[in-house]
Amino acid sequence: MAWNLRGSVRGSVLLLLLCIVLSGCGICAVAQDVPPYTEDCRSGTYPPAGPTFKGNVPWYTVNLDQPPNERWHQLISHKKTQLTNLIQAIKDLAKSLFASGKIIELVDTKLPLLIGSLPFPFGEEIKGIADASGLPLGEVMLFNIFYEVFTVCTSVVAEDKTGKLYHARNLDFGLFLGWDVKNSSWMITELLRPLVVNVKFQRNNKTVFQSTSFAGYVGMLTGMKPGVLTLTMNERYSLDGGYIGILEWILGRRDGTWMSFLTRNVLENATSYEEAKSLLSKTKMLAPAYYILGGNKSGEACVITRSRESCLDIWELDIQQGRWYVLETNYDHWKEPLFVDNRRVPAMKCMNRTTQQSISFATIYDVLSTKPVLNKLTTYTTLMTVSDGNLEAYLRDCPDPCMPW
Ligand SMILES: *[C@@H]1O[C@H](CO)[C@@H](O)[C@H](O)[C@H]1NC(C)=O
Ligand SMILES: *[C@@H]1O[C@H](CO)[C@@H](O)[C@H](O)[C@H]1NC(C)=O
Ligand SMILES: *[C@@H]1O[C@H](CO)[C@@H](O)[C@H](O)[C@H]1NC(C)=O
Ligand SMILES: *[C@@H]1O[C@H](CO)[C@@H](O)[C@H](O)[C@H]1NC(C)=O
């Protein structure tokens, strides 16, 4: 029985992997037809307006004093329809890829058996979200796993002349997930936008940390602990990548941590930059990742490049040496980015042109609004300053002509 169960779950995950690999090949073929939709560094884009701005991100409060299976109820009751739409689209996509409902059946029947293997409070929270939305538990679990695999982004932490730290990111999500030819957009990215929320996590009526997140998702990709730290996570692709780790987790090897659960644990529990840095560089994980971490005083910011087992590199601010910002996309900073996906050089070019004297929310928003740093996958832009606990997030769009990623 146990073996059968594992066999089927493994089957469904292998199908998912196959889907990823096949789409990966698709993109090689497409790449040649894609002109490089780059542009000169933008200016005057802030406050956000015009066709690349799709609205403000609404705020919600999650009370950590409530039991985990109840704390998401209010948010999910507001976002039920949008969440159902997205999960339906993921199911349709899976069906069209495999021409059978088999994979969804496996997700619905087999994944829920693993809910108890998720660390506290994540399993309980996911159960609560399934209850509140009326969606099958396995599909909500799948939705939570998806973010560990399909996120590409740009993150930057910069220090101004007075020592004030700015941390900002574009979150680009939905790569490979259904290119809509008629609309020239990524279907999943479009459906994801209405799920973007800002969340204040409170304990004893006091905000512990804040995050820009997706309704229904319990991990964290972007967050701030006011007065203490800011943190974003970017995907890191590697041969010993997430798929293997996730597969091993499903097969019963549970000694690694989900990457976005670690991000949330750090936001919730770390009390200093140094402690966060240590947790993010030492915890064993299911997949490689980049953690972009900012502290609360001059010089405190770094990009942590992680393999599953260890920390490969910590790249820090060095004001003396003129390194007043660190910027990460989805490639190791000491290597060249993939030639079809070079968001790093345009972003750095614009940061350099901005100069340390002029860094602000407005100028960073300009950098993150410049194609291809802004592209068709860009779902939101978040701007954070730890010193005054300010977090602003904006929904984004990139009308044609624009890079698909
Ligand atoms: C394309 O966009 C239009 C308008 O935004 C929308 O009504 C339509 O459903 C979209 N088509 C698909 C296939 O998503
Ligand atoms: C939080 O604030 C509300 C309203 O101000 C109050 O009723 C409640 O008792 C407070 N809860 C805690 C845990 O302090
Ligand atoms: C920075 O964080 C440390 C550790 O939490 C704290 O002791 C210190 O007061 C903070 N500094 C500022 C300026 O907020
Ligand atoms: C930006 O400036 C840094 C520091 O001077 C330099 O190392 C880097 O090559 C520059 N990058 C671009 C794209 O201009």
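Remember, it's 1-based here, ligands and their atoms both numbered in the order they're listed. As a basis for the values below, the full set of heavy atoms in this structure was taken, side chains included, without hydrogen atoms, waters or symmetry mates.
Taking the six-membered ring for Trp and thresholds of 30 and 60 degrees, F361 and Y166 have ring planes more than 60 degrees apart, a perpendicular arrangement. Aromatic ring pairs are classed by plane angle as parallel below 30°, tilted from 30° to 60° and perpendicular above 60°; the pair Y365 and Y394 is perpendicular.
Within a 4.0 Å radius of atom 9 (O) of ligand 3, the protein contributes no non-hydrogen atoms. When distances from atom 2 (O) of ligand 4 to the protein are checked, a heavy atom turns up under 4.0 Å. For atom 14 (O) of ligand 4, the nearest protein heavy atom is under 4.0 Å away.
Proximity of a side-chain donor or acceptor of R203 to a complementary backbone N or O of D65 within less than 3.5 Å is not detected. No donor-acceptor pair closer than 3.5 Å links the side chain of Q88 to the backbone N or O of T84. Under a 3.5 Å cut-off, the side chain of E275 and the backbone N or O of T271 do form a donor-acceptor pair.
Under a 4.0 Å criterion applied to the non-hydrogen atoms of G227, ligand 3 contributes the atoms 1 (C), 2 (O), 10 (C), 14 (O). Near N352, the atoms of ligand 4 lying under 4.0 angstrom from a non-hydrogen atom of the residue are 1 (C), 2 (O), 3 (C), 8 (C), 10 (C), 11 (N), 12 (C), 14 (O).
Nearest to atom 5 (O) of ligand 3 by heavy atom, out of T271, N296, L229, V386, is T271.
Of the polar atoms of Y325, none of the N or O atoms is found under 3.5 Å from an N or O of ligand 4, judged by distance alone.
Y290 and H333 have their aromatic ring centers separated by at least 6.0 angstrom.
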